[in-house]
Amino acid sequence: MNVLAQTEETLKQEIASAVTRAGLAEAEELPEIILEKPKDKAHGDFAANIAMQLARIAKKAPRKIAEDIVEALDETKASIEKVEIAGPGFINFFMKDDFLGEIIPAILKAGKKYGHTDAGKGEKVQVEFVSVNPTGDLHFGHGRGAAYGDVLSNLLEAAGYDVKREYYINDAGNQIDNLALSVEARYLQALGEDAEMPADGYHGKDIIEIGKTLAAEYGTAWKEKDREERVAFFREYGLKYELGKIRKDLSEFRVEFDQWFSEQSLYEDGQIEQALKKLDDYVYEKDGATWFRTTDFGDDKDRVLIKQDGSYTYLTPDIAYHKNKLDRGFDKLINVWGADHHGYIPRMQAAIQAMGYDKNTLEVKVIQMVSLFEKGEKVKMSKRTGNALALRELMDEVGVDAARYYFITRSNDTQLDFDMDLARSESNDNPVYYVQYAHARICTMLKQAEAKGFDLNAAFDAKHLTTEKEMDLMKKLGEFPQMVADAAQMSTPHKVTQYVFELASLLHSFYNAEKVLDQDNRERTNARIALMKAVKITLANALQLIAVTAPEKM
RNA sequence: GUCCCAGUAGCUCAGCUGGAUAGAGCAACAGCCUUCUAAGCUGUGGGUCGCAGGUUCGAAUCCUGCCUGGGACGCCA
């Protein structure tokens, strides 16, 4: 299925055996053979730097080593057309053109599965992301983390990992008490009372809405009830309301979780006590509190687990949650956090190690901040809510396709400027449309082909694809599975938007240069139709990975 | 003060597990629609890769120091 990778593999093996045959190095001391795809076509289809790497081992000049390797190469084995030595000792390989011929049939056969590999070998990975406190609206910044976690999960699945997506609900602790008290205050205010918001209350307009709704539904009934009972009810009500809204927004943003994990459930099952027991060797008492010696694992200072008042810090149930994850048998845990939480990483990794696991079992991906720009100016606050722009409002403004695409274009560790006008624009400035248009264009062509009586499933021979633009397209198509595997392995979803943009660009370029449907050249037309189908599949699969739609027409 | 991220073309960013003349989009300039969607294509100009050292046959990429911008340093979550 991964044709290009197979070609590469064969070539690597042949180079390796040529090196040993030429007596340049023993098999054990052979460095990993690295083949790169040169940017400049004059440097061939693949280039190897092995001669430079061997300079020290073989104690010879790189160019001389390269000559020896080339001498020993069996060119028939790896379908090599031509070999050149260049620069300081690069060996450039020009492959027989037909090595590309296998790509299109492989794509047509694989269909929606094209790009999938078994690189991950079924390893169990859990991706925890978003996990926003259910005390208010998701804002646009959360959208970046949501898109990142979701696309990363998609990539891991495509690369053959066994992935579970999870949202950790902070439904215990202070912030939920504050939510309850905030709801209470808004409820009483809705009844015309002069109730004051708690000091750390949540001032979002959504809480005001809850208050009004409660007042309308129950009138003064809750006001007359026992305070404790009332707050308990508001607590549940507020939680359910906020969580429902978060679920709905994320669902609309095309993000679905396998599990919504309740912090409260950790309290109910005694899991926190169990986790504390597990940390026992690294726990001590001081100043009436219980501490975790995270400095044993490189943290700046030790951290409190149980406060003087006997309650847990945020860290403690979170450790229990991670113990729970590990107990479920995941090989790898990936957490997606906002940049403002980066300082929390050392203590969490300390916990992982204290529980007997390798530090890298937990990988934390930090997502840098997002700034919104409109009409060239930074948008700080929403006029409507007084808070940061809600994710819902962003979706309404620019659409889910554009929002998701933009969040994914940039590497997670650079701050993102989100240009609202650009995301909204239906013009060639907008990369989302550019890519989608490529897909739509192919769909139109294929419809035209049918209308003109071409058989879309006619037999074809890729040898009729001879122009440079066709070659470029086929090479690009062939890179897709490796790109997916790399992006999954390196947690770099932005490689997908980059790839899909490049593929779209090659398609547009080809489209403008060549005509696909030609009654006078049936054989070439059949081959080109097959090529177009392969590009369409690959574009659609790439867009599927980032959950952006692939329209049939625009 | 310590830690994390960034600093690459006028702007927004790729490239960073070291490799050949540093890439893309936008902006600027010049062209392309009687032909499968011009939401497109073709071409031109544009760079001390923040600064200074170091490692290396080779550094935007690795190491050290410094500068600038953003973020974090709670018995908050």
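All values reported here derive from a predicted model rather than from experimental measurement. Convention: sequence-line order gives letters A, B, ...; per-chain numbering from 1.
Shown here, B:C36 forms no base pair; nothing in the strands shown gives a Watson-Crick or G-U wobble contact with both key distances under 3.5 Å. Pairing for B:U42 goes to B:A30, judged as Watson-Crick or G-U wobble with the two contacts each under 3.5 Å. Base-pair partner of B:G69: B:C5 (Watson-Crick or G-U wobble, both distances under 3.5 Å). Applying the Watson-Crick and G-U wobble criteria (two distances, each under 3.5 Å), B:A52 pairs with B:U64. The nucleotide B:G25 finds its pairing partner in B:C11, both defining distances of the Watson-Crick or G-U wobble pair being shorter than 3.5 Å.
In this structure, of B:C36, B:U42, B:A77, it is B:A77 that holds the atom nearest to the side chain of A:Lys307. Picking from B:A20, B:U12, B:U37 the nucleotide with the shortest atom distance to the side chain of A:His43 gives B:A20. Side-chain atoms of A:Asp287 lie closest to B:C75 of the nucleotides B:G19, B:G15, B:C75. Comparing B:A20, B:C4, B:A14 against the side chain of A:Ala86 picks out B:A20 as the nearest.
Checked against A:Tyr406 for a side-chain contact (heavy atoms from CB on, under 4.5 Å), the options A:Asp417, A:Asn430, A:Thr497, A:Leu416 give a single hit: A:Asn430.
Note: CG (A:Asn174) to P (B:C75) measures 14 Å, nearest angstrom. Remark: P of B:A6 and CG of A:Asp413 are 5 Å apart, rounded to the nearest angstrom. Look at CG on A:Asn521: it is 15 Å from C1' on B:C36, rounded to the nearest Å. Atom pair A:Leu416:CG and B:G69:C1' shows a separation of 16 Å (rounding to whole Å applied). Nucleotide B:A72 holds its C1' atom 13 Å from the CD atom of A:Gln415, rounded to whole Å.
Within 4.0 Å (heavy atoms only), A:Lys447 reaches no atom of the nucleic acid at all. Nucleic acid contact for A:His341: base, since at least one base atom lies under 4.0 Å from a heavy atom of the residue. Residue contacts shown for A:Ala47 include a base, since a base heavy atom lies under 4.0 Å away. Within 4.0 Å (heavy atoms only), A:Ser311 reaches no atom of the nucleic acid at all. Counting non-hydrogen atoms under 4.0 angstrom, A:Ala61 reaches nothing in the nucleic acid. Looking at heavy-atom distances under 4.0 Å, A:Thr444 makes contact with a base. The residue A:Glu450 sits apart from the nucleic acid: no heavy atom pair falls under 4.0 Å.
Nearest-nucleotide positions on RNA chain B for A:Phe90 and A:Ala172 put A:Phe90 closer to the 5' end.
With both ends at atom C1', the span from B:A60 to B:C49 equals 5 Å, rounded to whole Å. When the C1' atom is compared between B:G1 and B:G15, the two are found 35 Å apart, to the nearest whole Å. Taking the C1' atoms as reference points, B:A72 lies 34 Å from B:C26, given to the whole Å. With both ends at atom C1', the span from B:C51 to B:C11 equals 23 Å, rounded to whole Å. Going from the P atom of B:G43 to that of B:C5 covers 39 Å, rounded to whole Å.
Ion pair A:Glu67/A:Lys60 not flagged as a salt bridge, since none of the NZ, NE, NH1 or NH2 atoms sits closer than 4.0 Å to an Asp/Glu carboxylate oxygen. Electrostatic pairing of A:Asp518 and A:Arg528 does not count as a salt bridge here, judged by no charged N lying under 4.0 Å from a carboxylate O. Note on A:Asp486 versus A:Lys495: no salt bridge recorded, every NZ/NE/NH1/NH2 to OD/OE distance being 4.0 Å or above. The pair A:Glu363-A:Lys332 meets the salt-bridge criterion, since a charged nitrogen lies less than 4.0 angstrom from a carboxylate oxygen.
Between the side chains of A:Gln349 and A:Tyr344, no donor-acceptor pair of N or O atoms lies under 3.5 Å.
In this entry the base of B:C33 is syn relative to its sugar, with a glycosidic angle within 90° of 0.
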